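Quick caveat: nothing in here was measured; it's all calculated off a predicted structure. Chain naming here is simple, since letters A, B, ... match the order of the sequence lines and numbering starts at 1 in each.
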There are 2 protein chains.
Amino acid sequence: MEKTTLTTVPDEDFLRLDNQICFSLHAASRAFNGVYRTALKDLNLTYPQYLVMLVLWEHGELPVKRIGEYLRLDSGTLSPLLKRLEAAGYVERRRSPEDERSVTVRPTAEGAALREQALDVPRRIAAATGMPLERIRRLRDDLNALTARLDTADPDAADCAAADG
Amino acid sequence: MEKTTLTTVPDEDFLRLDNQICFSLHAASRAFNGVYRTALKDLNLTYPQYLVMLVLWEHGELPVKRIGEYLRLDSGTLSPLLKRLEAAGYVERRRSPEDERSVTVRPTAEGAALREQALDVPRRIAAATGMPLERIRRLRDDLNALTARLDTADPDAADCAAADG
DNA sequence: CGCCATTTAGTTGCGCACAACTAAATTGCG
DNA sequence: CGCAATTTAGTTGTGCGCAACTAAATGGCG
């Protein structure tokens, strides 16, 4: 009320709007996660484990480093996750012979077979969303754009000035 | 290849598209979280703690139950989180006199004062996104719609049939 | 060649999310 | 009233995510 910013939006309203956005994303992410949880229960995979398997199914065999790049995850997250996938019998880890620092991950026969069961998952998810594909695609594109922005701005974005540019 | 579904999208492509959507949401959520992390560093708040404080700033005083409803979080998440907020001196917890089961949470003077500093956070976030407010709003609406769908579909959405309706 | 910076995984610690459970208070029904 | 079902927080255990660190291998430079 008492102050109107250069962006034409009062501080208070801005705080409220912000509440909506950050919260919406947070809630959607968790809701999605929940649906995946039930959809993936039969496969004995968590959602992040499923993401890793998707990457491996597509690329066949990757060093941990590459998996991390595809999924934006570091070794702190991936190492234990991959251990669990290995314990479940879905992947194999081997130190690379030509570079002993690197660890190569690839699906086992069982892990590869799992892909057939996984083919049914996306449809169940799409059914759960009940959204037309077109809108889903738009959402995806918006999210990707947002992520790209946030990533470049992230490293202490403290003093970058204008929001409304 | 060998089978084309009723939804006109082959299984394989569907799996790939799915990869994109779920991953996009996951990545965006984490990217957002990262930006908030840096923006909230000065306030000594994590992102979920910030959400709780937003709710408390808006409503003044709430039982744990209500906070959980606003944020879709259960006591398993909230109890330790609120303990930490209490340890930080930002909130107070008191068992309700008229219903001893309930615990009432309200900001301390320090917690209330924190709001002033927090007013700057949304603008920093908006700056980091670099998106026009209109597009942000659209994104928010899409996400809310998605969450609503997912929530109703969630309880074992196994055999709900058609995605493309 | 020898040494230091870099790269790559892994480990530790902390916080969130969620399922499954416990504990205590309250409600309601016979 | 008395007891079972419900409501409300809290606890425990597991897994993800990230920061900060360690350990080992590699690459490059004097």
With a 4.0 Å limit, can you tell me whether [X] has a side-chain N or O closer than that to the phosphate oxygens OP1/OP2 of [N]?
X	N	value
A/S79	C/dG10	yes
A/K83	D/dG15	no
A/R93	C/dG10	yes

Please give, in whole Å, the distance from [N] [atom2] to [X] [atom1]?
X	N	atom1	atom2	value
A/H26	C/dG15	NE2	P	16 Å
A/L71	D/dC18	CG	P	11 Å
B/L85	C/dG15	CG	P	11 Å
A/K65	C/dG10	NZ	C1'	15 Å
B/L81	C/dC14	CG	C1'	13 Å
A/R94	C/dA9	CZ	P	14 Å
B/D74	D/dT7	CG	C1'	15 Å
B/R66	D/dT8	CZ	P	8 Å

ask   = In residues 95-104 of chain A, what residues come within less than 4.0 Å of DNA chain D, judged by heavy atoms?
value = A/E98, A/D99, A/E100, A/R101

ask   = How is B/L73 classified with respect to the nucleic acid when contacts are heavy atoms under 4.0 Å: base, sugar-phosphate, or nothing?
value = sugar-phosphate

task = Looking at every strand, decide which applies to A/L78 at a 4.0 Å heavy-atom threshold: base, sugar-phosphate, or nothing.
result = nothing

query = At their closest point, which heavy atom of B/P107 faces which heavy atom of B/L56, and how far apart are they?
reply = CG-CB, 4.0 Å

note = B/M53 and B/V91 have their tightest heavy-atom pair at SD-CG1, 3.8 Å

key: Heavy-atom donor-acceptor pair, B/S75 side-chain to D/dG10 base, under 3.5 Å   = yes

message = Heavy-atom nearest nucleotide on DNA chain D for B/R37 versus B/T77: which residue maps closer to 5'?
response = B/T77

inquiry  = From C-beta outward on A/R30, which listed nucleotide comes closest to its side chain: D/dC18, D/dA9, C/dC18?
reply    = C/dC18

request  = Could you tell me whether A/Y70 and A/H59 have their ring centroids closer than 6.0 angstrom?
outcome  = yes

Any ion pair linking [Y] and [X] (charged N to carboxylate O, less than 4.0 Å)?
X	Y	result
B/R138	B/E134	no
B/R93	B/E86	yes
A/E100	A/R95	no

key: Verdict with supporting geometry, A/L51 and B/C22, side-chain contact (heavy atoms from CB on, under 4.5 Å)   = CA-CA 9 Å; A/L51 293 179; B/C22 68; 3.6 Å; yes

